[in-house]
Amino acid sequence: MEQFNPSLRNFISMGKNYEKALAGVTYAAKGYFDALVKMGELASESQGSKELGDVLFQMAEVHRQIQNQLEEMLKSFHNELLTQLEQKVDLDSRYLSAALKKYQTEQRNKGDSVEKCQGELKKLRKKSQGSKNPQKYSEKELQVGLWVKSWGGTSSNWGCVW
């Protein structure tokens, strides 16, 4: 069932890669944020660059807010999109596997029943050919033949040759 909906599986995989890339960017951004704060602290300690320190603190604050929004968006992306899609694809895949297994079992059972009836039909034909009264078996032969045809349309559908 791994072949089920390869485009959607590829989309999920690419989304996870995107999520990992953004996590790496987040880690790098936190380093950048820390560096801005340190530079702001150093700049605010001296009289001549106090304004520069204030600007760096403001930049760091804006950057922190943007980073927090990005992290929230990343959580939403993961929880609301990727996880949901992955669960639905897995459920669909399990459902299709179960349906396929059920179909194959039903077809196998039908095939077994048809083979059994074909065997009975052959026996009846042999009995009717070797009998002094062939009409005795013709009704049973007709019933079995009709039953076999009702299951498969014709015997050739089941690989049978009469």
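What you see is a predicted model; the values in this text were computed from it and never measured.
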side-chain hydrogen bond (donor to acceptor under 3.5 Å, both in side chains) against [X], all qualifying residues, sequence neighbours excluded:
X	value
Lys16	Glu86
Ser44	none
Gln84	none

For [X], which residues count as a salt bridge (charged side-chain N to carboxylate O under 4.0 Å, His left out) partner, sequence neighbours excluded?
X	result
Lys75	Glu72
Glu120	none
Lys88	none

ask   = Taking the side chain from Ser93 and the backbone from Val89, do they hold a donor-acceptor pair closer than 3.5 Å?
value =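 It does not hold such a pair.
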
Supply the atom-to-atom distance [X] [atom1] to [Y] [atom2], rounded to the nearest 0.5 angstrom.
X	Y	atom1	atom2	result
Asn109	Thr105	CG	OG1	6.5 Å
Ile12	Gln87	CD1	CD	10.0 Å
His78	Thr83	NE2	OG1	3.5 Å
Ser7	Arg9	OG	CZ	11.5 Å

message = Out of the candidates Arg108, Lys110, Lys116, only one should pair with Asp112 under the side chain to side chain contact (heavy atoms under 4.5 Å, CB included) rule; please name it.
response = Arg108

remark   = Contacts satisfying ring pair (Phe, Tyr, Trp, His ring centres under 6.0 Å) that involve residues 37-56 (not counting sequence neighbours) are none

message = I need the full list of ring pair (Phe, Tyr, Trp, His ring centres under 6.0 Å) pairs touching residues 8-43, with sequence neighbours left out, sorted by first then second residue.
response = Tyr18-Phe77, Tyr32-His63

query = Excluding sequence neighbours, so at least two apart, what forms side-chain contact (heavy atoms from CB on, under 4.5 Å) with Lys123?
reply =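 Expected list: none.
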
inquiry  = Do the side chains of Glu71 and Lys30 get close enough for a salt bridge, i.e. N-O under 4.0 angstrom?
reply    = yes

ask   = Other hydrophobic cluster members with Met14, side-chain heavy atoms of Ile/Leu/Val/Met/Phe/Trp/Tyr under 4.5 Å, chained?
value = none

request  = Compare every heavy atom of Leu74 with every heavy atom of Leu22, then report the nearest pair and how far apart it is.
outcome  =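 What the structure gives for the nearest pair is CD1-CD1, 3.7 Å.
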
Result block: side-chain N/O donor-acceptor pairs under 3.5 angstrom for residues 47-62, not counting sequence neighbours:
unit_1: Ser49; atom_1: OG; unit_2: Ala43; atom_2: O; d: 3.0
unit_1: Ser49; atom_1: OG; unit_2: Ser46; atom_2: OG; d: 2.4
unit_1: Glu61; atom_1: OE1; unit_2: Arg64; atom_2: NE; d: 3.3
unit_1: Glu61; atom_1: OE1; unit_2: Arg64; atom_2: NH2; d: 3.2
unit_1: Glu61; atom_1: OE2; unit_2: Arg64; atom_2: NH2; d: 2.4
unit_1: Glu61; atom_1: OE2; unit_2: Gln65; atom_2: NE2; d: 3.3

